[in-house]
A.B. asks: 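This structure is in structure tokens; I'll ask about it shortly.
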Amino acid sequence: VPLYHQMTIGTYDVEGGYRSSEFFSRAFNDVEAAFNQYLVESGDRPFVLFGHSQGSHMLIELLQRRFENDPLLRQRLVSAILAGPVGRLSVPAGEIAGGTFQNIPLCTHATDTACIIAFDTAAAGGLAGRTVPSEPLPCVNPTLLGGNPGILANAIVHETGIPGPPGIETQFFGLPELHTAECEADGFLAIDRVADDPRVFLTPQEIEDLLGSLHQADVTYTIGDLLRIVTVQAEHMPY
């Protein structure tokens, strides 16, 4: 996991757009240098690219510059996980490729490789309170890639500003099969609880109300399925 000169939030509002700013260039140059060093040291080992928040923007740039037109490098890509926000990734509605990428599609099955798993979580049923995107966000529901459809395998909660249940003092704790996930009309991956189970001490809507969004929990809710998916994908690499 490379450390890099991360942009500040204010960079996203600079005149001319953040991608053309010196701050984006400085941050991305660090990420690309780290990737180059990995290539030097890794031989032909396959890899997963995993980015969250600004990290997703960095990986979209890396995929555009280095992977879109390089079939040999794509052969080594197990998958690219882009966990919120995914607004910079454009995929025509009803399609799995086109828009940002012609040669790197969205994943549609757990055995797909060299593909993208993209999602941006939000509390289920909260469409009225969201900023409606001009077109639906690309949404890959991890539970549909070989998992239990609609049921998240395990939310692993840690220090993300989300309070833990009473009596739990460990830094990490799991909530297996207690949450649902569904891509809603606007492309957000909507998270809800399976039922009124006391182990779900805060509902996704309550967490969204507390933090302002589920952004900090994008990976928290989906990590169990993501770990399962990349394990299966790695077993189906072409070499």
Side-chain angles (χ1 to χ4, degrees), residues 1-4 6 19 24-25 27-92 94-121 137-147 152-153 181 183 187 189 218-219 221-239:
V1 180
L3 296 176
Y4 67 101
Q6 191 176 47
R19 284 188 70 197
F24 179 83
S25 295
F28 178 75
N29 287 344
D30 282 355
V31 173
E32 187 171 36
F35 180 67
N36 289 338
Q37 188 63 34
Y38 174 82
L39 293 180
V40 168
E41 298 184 11
S42 63
D44 62 353
R45 178 179 178 176
F47 50 81
V48 175
L49 298 178
F50 195 147
H52 178 239
S53 196
Q54 187 180 135
S56 289
H57 294 157
M58 294 295 149
L59 289 188
I60 291 172
E61 190 76 14
L62 186 70
L63 289 165
Q64 286 179 306
R65 295 193 189 189
R66 302 296 295 276
F67 289 79
E68 172 71 348
N69 297 309
D70 189 337
L72 294 179
L73 200 52
R74 291 199 303 273
Q75 285 183 7
R76 297 178 58 187
L77 178 62
V78 177
S79 59
I81 300 171
L82 308 176
V86 297
R88 235 203 84 199
L89 176 64
S90 175
V91 181
E95 303 293 331
I96 62 172
T100 304
F101 299 110
Q102 304 300 314
N103 298 315
I104 313 174
L106 299 177
C107 301
T108 59
H109 193 275
T111 59
D112 292 343
T113 60
C115 58
I116 294 172
I117 301 170
F119 57 86
D120 206 337
T121 64
L137 299 171
C139 180
V140 176
N141 185 340
T143 72
L144 301 184
L145 301 183
L152 289 162
C183 292
L189 183 65
D218 286 328
V219 179
Y221 283 115
T222 57
I223 189 63
D225 287 279
L226 295 177
L227 289 171
R228 171 185 50 76
I229 292 165
V230 297
T231 298
V232 174
Q233 287 177 320
E235 294 172 348
H236 287 80
M237 289 296 287
Y239 64 93

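The model shown is predicted, which means the values in this text are computed figures rather than measured ones. Numbers for residues simply follow the sequence, beginning at 1.
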A.B. asks: For residues 46-66, pull every pair meeting salt bridge (charged side-chain N to carboxylate O under 4.0 Å, His left out), keeping only residues two or more places apart or in separate chains.
C.D. replies: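 Of all non-adjacent pairs touching residues 46-66, those that pass salt bridge (charged side-chain N to carboxylate O under 4.0 Å, His left out) are Arg19-Glu61, Glu32-Arg66, Glu61-Arg65, Glu61-Arg88.
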
A.B. asks: Quick one, Pro142 and Leu189 - any side-chain contact, counting heavy atoms below 4.5 Å?
C.D. replies: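 Result yes, sub-4.5 Å side-chain heavy-atom pair found.
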
A.B. asks: Quick test of your reading: applying salt bridge (charged side-chain N to carboxylate O under 4.0 Å, His left out), list the pairs with at least one residue in residues 41-54, sequence neighbours left out, ordered by first then second residue.
C.D. replies: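 As it turns out, there is no salt bridge (charged side-chain N to carboxylate O under 4.0 Å, His left out) pair with a partner in residues 41-54 once direct neighbours are skipped.
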
A.B. asks: Show every salt bridge (charged side-chain N to carboxylate O under 4.0 Å, His left out) that has at least one partner inside residues 105-120, sequence neighbours left out.
C.D. replies: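 Output for this query is empty, none listed.
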
A.B. asks: Minimum heavy-atom separation for Ala110 to Gln233, with atom names?
C.D. replies: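 In this case the closest contact between Ala110 and Gln233 is O-CG, 3.0 Å.
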
A.B. asks: Restricting to non-hydrogen atoms, name the atom on Arg74 and the atom on Ala114 that form the minimum distance, rounded to 0.1 Å.
C.D. replies: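 So the minimum-distance heavy-atom pair works out to O-CB, 3.4 Å.
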
A.B. asks: Output the distance between atom CG (Leu152) and atom CG (Leu226), rounded to the nearest 0.5 Å.
C.D. replies: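 The distance works out to 9.0 Å.
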
A.B. asks: In chain order, what residues pass the ring-ring contact (aromatic ring centres under 6.0 Å, His included) check against Phe35, with sequence neighbours excluded?
C.D. replies: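 Phe47, Phe67.
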
A.B. asks: Within the side chain of Asn103, is there an N or O that forms a donor-acceptor pair under 3.5 Å with the backbone of Pro71?
C.D. replies: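 Here the side-chain-to-backbone pair does not exist.
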
A.B. asks: Could you tell me if the side chain of Cys107 sits less than 4.5 Å from the side chain of Leu145, heavy atoms only?
C.D. replies: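 Yes, at least one pair of side-chain atoms sits under 4.5 Å.
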
A.B. asks: Kindly give the heavy-atom pair with the smallest separation between His52 and Ala83, and that separation in Å.
C.D. replies: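 For His52 versus Ala83, the nearest heavy atoms are CD2-O, 2.9 Å.
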
A.B. asks: Please list, chain by chain and in numerical order, all residues satisfying side-chain contact (heavy atoms from CB on, under 4.5 Å) with Leu89, sequence neighbours excluded.
C.D. replies: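 For Leu89 the side-chain contact (heavy atoms from CB on, under 4.5 Å) partners, ignoring immediate neighbours, are Ile60, Leu82, Val91, Thr100, Phe101, Leu106, Ile116, Ala118, Pro138.
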
A.B. asks: Any pair with a residue in residues 223-239 that passes salt bridge (charged side-chain N to carboxylate O under 4.0 Å, His left out), sequence neighbours left out, goes on the list, sorted by first then second residue, please.
C.D. replies: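 Matches after skipping sequence neighbours: Asp225-Arg228.
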
A.B. asks: Could you grab the distance from atom CG of Asn29 to atom OH of Tyr4, nearest 0.5 Å is fine?
C.D. replies: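 Spacing of CG (Asn29) from OH (Tyr4) equals 12.5 Å.
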
A.B. asks: Closest heavy-atom contact between Pro92 and Gly99?
C.D. replies: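 The pair with the smallest heavy-atom distance is CD-N, 3.9 Å.
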
A.B. asks: Quick one: closest heavy-atom pair of Gly224 and Ala153, and the distance?
C.D. replies: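 Closest heavy-atom pair between Gly224 and Ala153: C-CB, 4.0 Å.
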
A.B. asks: Calculate, to the nearest 0.5 Å, the distance between atoms CG and CG belonging to Leu77 and Leu72 respectively.
C.D. replies: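 Here the interatomic distance stands at 13.0 Å.
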
A.B. asks: Would you compute the distance between atom CD1 of Ile223 and atom CZ of Phe50 and round it to the nearest 0.5 angstrom?
C.D. replies: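 Interatomic distance, Ile223 CD1 to Phe50 CZ, rounded to 0.5 Å: 5.0 Å.
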
A.B. asks: CD1/Ile96 to SG/Cys115 distance, rounded to the nearest 0.5 angstrom?
C.D. replies: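 Ile96 CD1 to Cys115 SG: 8.5 Å, rounded to 0.5 Å.
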
A.B. asks: What I'd like to find out is whether the side chain of Pro85 reaches to under 4.5 Å of the side chain of His57, using heavy atoms alone.
C.D. replies: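 Yes - at least one pair of side-chain heavy atoms lies under 4.5 Å apart.
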
A.B. asks: Would you confirm whether Ser56, through its side chain, and Gly51, through its main-chain N or O, come within 3.5 Å as a donor-acceptor pair?
C.D. replies: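 Between the backbone of Gly51 and the side chain of Ser56 there is a qualifying donor-acceptor contact (under 3.5 Å).
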
A.B. asks: Just so I know, are the side chains of Ile229 and Ile81 near enough to count as touching, which here means a heavy-atom distance under 4.5 Å?
C.D. replies: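 A side-chain contact is absent here, since even the closest heavy-atom pair is not under 4.5 Å.
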
A.B. asks: How long is the gap from CD1 on Ile104 to CG on Leu63, to the nearest 0.5 Å?
C.D. replies: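 Spacing of CD1 (Ile104) from CG (Leu63) equals 4.5 Å.
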
A.B. asks: Could you pull out the closest heavy-atom pair between Asp218 and Gly84, with the gap in Å?
C.D. replies: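 Heavy atoms of Asp218 and Gly84 come nearest at OD2-CA, 3.8 Å.
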
